[in-house]
Asks: 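This structure is in structure tokens; I'll ask about it shortly.
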Amino acid sequence: MFAKFTARFVLFLVVSSGNVVVRSATAAGDGDGQFAYQGFAAANLTMDGLAAVTSSGLLALTNATYQAKAHAFHPAPLRFLGESSAGAVVARSFSTCFVFAIVSGYDGLSDHGLAFVAAPTANLSAANAGQYLGLLNATNGTASGAILAVELDTIMNPEFRDISSNHVGLDVNSLVSLQARPAGYYGDDDDGAFRDLRLNSRKPMQVWVDYDGQAKQLNVTLSPMQVPKPKKPLLSQAIDLSTAMADEMYVGFSSATGVVFTHHYVLGWSFSFDGPAPPLDLSKLPRLPRFGPKPRSKALDIVLPLATALLVAAALAAVFFLVRRRRRFAEVREDWEDEFGPHRFAYRDLFHATDGFKERNLLGVGGFGRVYRGVLPDSNLEIAVKRVSHDSRQGIKEFVAEVVSIGRLRHRNLVQLLGYCRRKDELLLVYDYMVNGSLDKYLHERNGTTLYWAERFSIIKGVASGLLYLHEDWEQVVIHRDIKASNVLLDGTMNGRLGDFGLAKLYDHGTDPQTTHVVGTMGYLAPELVRTGKATPLTDVFAFGVFLLEVACGRRPIDHHTDEHKKRAAVVLVDWVLEHHRSGSIIGAVDPRLAAAGEFDAEEAALVLRLGLMCSHPLPGARPDMRKAVQYLERGGGRPTPDLSPSYVSYRVMATMQSEGFDSYVVSEAGRSVTSIGTVSGASSMTILSQGR
Ligand SMILES: *[C@@H]1O[C@H](CO)[C@@H](O)[C@H](O)[C@H]1NC(C)=O
Ligand SMILES: *[C@@H]1O[C@H](CO)[C@@H](O)[C@H](O)[C@H]1NC(C)=O
Ligand SMILES: *[C@@H]1O[C@H](CO)[C@@H](O)[C@H](O)[C@H]1NC(C)=O
Ligand SMILES: *[C@@H]1O[C@H](CO)[C@@H](O)[C@H](O)[C@H]1NC(C)=O
Ligand SMILES: *[C@@H]1O[C@H](CO)[C@@H](O)[C@H](O)[C@H]1NC(C)=O
Ligand SMILES: *[C@@H]1O[C@H](CO)[C@@H](O)[C@H](O)[C@H]1NC(C)=O
């Protein structure tokens, strides 16, 4: 549809001959008709239609108004005709030059433009807009005389036999050009090659129109603003303007808009008769406005895509980090947890507290997960965070409920459980941090510092009292299920605290505990627990008994060594102490490091060993409950020391029982109760999880 419109940028000229006498003495115009506008800020142009001079001095012929005209004329008419010495009427030689720019909202597509006008009248109100460029209407010529135009046309209009959508044409009285050429210029170098120019490239370009009145020849030359006037004109036409022009003519620009949003600008203009037009000082011309897609600099061509790429990259990175952050801190939270709100920790807090669960904050790797040290950002509270993996949703509700219940336990010999956090496939338990770590390392690390008897005894009494609280003194019965030296932690005052309630079971007083998976640590499992899968306070007492022996003897419950036949063998601690007891020297079982240190209370040590044997009795009925155990340890109220005679059953029974649950245990010769480990190696510290019945 745009083909219907012709965008032409027209220079109207009224031409006269050179070297002649101006016919009328009352010639209008300023002086000899020479002028130069370096920008139009100070100019007094006669304008109509859309034409306006911007504050920067640009002549803006058109703006964003559709189907409108614009005209701007030098205010006074000029005398174009003269008399030759022979008295004939001739057109004077003249020269004009101007700089224009066509700036369209679309690259490569522009509209009917702005015009510089010279005609017998400055009143072109009868002309049409659009493809008529504000010059003419469907009628050729004007009422007051002939017009001459140089069109800079950016739309090919078949109606006017346009050669292309980017051409320069010479028009006399009609929009059908006398001669037209594609826009461009001839280089001044040797080959003089033709170079294309795009009129609506948004770049300023310079145009020269020169008429030689003697030679009767009119030249039009075009070049980019920075290129000096090419020697060879773009268009050269033999024409006698003396018959075509009126004596007095207005010169200026004309332009018109169609439907494409386009600005037509004139930046500077000069005119002269009988000599070249004064050259324009290009550096003094006004700049094209930033508005719209003005001619872009090379730098922008590089910077813009780069900036865009950077912006896109930054946006992507931001999204990536946000998503990663979301993922990283994602938690699982369900409605039923609302009631546990205060016990729930935000994963983000735990993450920051532990420096992102860095390796250097790792306190230890337990059977069920890794434990990290951390400091809560807000309260500066030191915590230990245990990450427990759980892969099914099954039982998680009960588990969390238990965790929260356990969180309500308060005892000076229990490690405080502060709360929890849930993530996909993972549960995080948050405990008070215990400065001195687990008892385990003091007992079994040969190079580490050992503990004096007094310290050991106080820890034992502490753990006993904590366990009594769990079994009897709290609102529910809590079975710890994993009592062992490595689960006893030491606070700043070397006070022993029972920790890691990861396996604890709760049930109401007076009810029967449920059968569950057999969990616990090999060596601390009561025989009936392995058989029935039922964890009771007495199965805890069994483990406590083993723990007593562990502390007093400084040995693991099942001690692995290589015997004289180079076979891996294991000594069961309980049996080993029992042998000492039978041979009448139970004190001989005490940790040799205590003996070396010289000072320990032999009576207390014997008490602990005896109580240990009693508590780890294979028959649950023979074990004391925790209250009794505590009383023994306190030695108050005239309690007798635990009596192990006479019917302490051989541990072979126990070993046999354990072998029912675990094939790896093989009982050796009768009476000695030494077990050897078959397939399971390093099992003494191995936590097992096997299906009970
Ligand atoms: C501008 O031109 C008009 C018409 O020629 C004239 O009346 C007016 O005085 C001029 N103004 C200036 C400032 O030159
Ligand atoms: C275009 O110019 C005319 C005349 O100066 C003015 O009345 C009109 O408001 C302008 N339109 C726009 C869109 O700038
Ligand atoms: C221009 O000419 C028309 C007639 O063609 C006339 O009506 C109008 O008043 C003129 N305008 C001026 C400014 O002289
Ligand atoms: C106008 O002039 C052109 C060329 O001089 C010619 O081809 C065309 O037919 C003319 N149109 C009218 C309406 O006279
Ligand atoms: C066309 O222009 C001429 C002269 O400029 C005028 O006399 C005529 O009325 C115009 N025709 C129309 C339809 O405007
Ligand atoms: C026009 O161009 C021709 C060369 O094509 C040149 O000889 C002539 O002098 C030029 N005339 C004017 C008025 O510049």
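For ligands, and for the atoms within them, numbers begin at 1 and follow the listed sequence. Residue numbers count from 1 along this sequence.
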Asks: If the plane angle is over 60° it's perpendicular, under 30° parallel, otherwise tilted; pick one for Tyr37 and Phe40.
Replies: tilted
Asks: To the nearest 0.1 Å, how far is atom 11 (N) of ligand 2 from its closest protein heavy atom, and which atom is that?
Replies: Asn63 ND2, 2.9 Å
Asks: Which ligand 3 atoms does Ser125 reach within 4.0 Å, using its non-hydrogen atoms?
Replies: 1 (C), 2 (O), 3 (C), 5 (O)
Asks: Which option wins on minimum heavy-atom distance to atom 14 (O) of ligand 3: Asn123, Thr121, Asp48?
Replies: Asn123
Asks: Between Asp189 and Arg195, is there a salt bridge with N-O shorter than 4.0 Å?
Replies: yes
Asks: When you measure from atom 7 (O) of ligand 2 to the protein, is at least one non-hydrogen atom found at a distance under 4.0 Å?
Replies: no
Asks: Salt-bridge test for Lys229 and Asp188: reply yes if a basic N is under 4.0 Å from a carboxylate O, no otherwise.
Replies: no
Asks: Of all the atoms in ligand 2, which lie at a distance below 4.0 Å from a heavy atom belonging to Thr65?
Replies: 1 (C), 11 (N)
Asks: Is the ring pair Tyr347/Phe357 parallel, tilted or perpendicular, if the boundaries are 30 and 60 degrees?
Replies: parallel
Asks: Ala138 heavy atoms, cut-off 4.0 Å: which ligand 4 atoms fall inside?
Replies: 13 (C)
Asks: Could you check atom 5 (O) of ligand 2 against the protein and tell me its nearest heavy-atom contact, residue, atom and distance included?
Replies: Leu50 O, 3.8 Å
Asks: Using the ring of each side chain (for Trp, its six-membered ring), is Phe94 parallel, tilted or perpendicular to Phe273, with breaks at 30° and 60°?
Replies: perpendicular
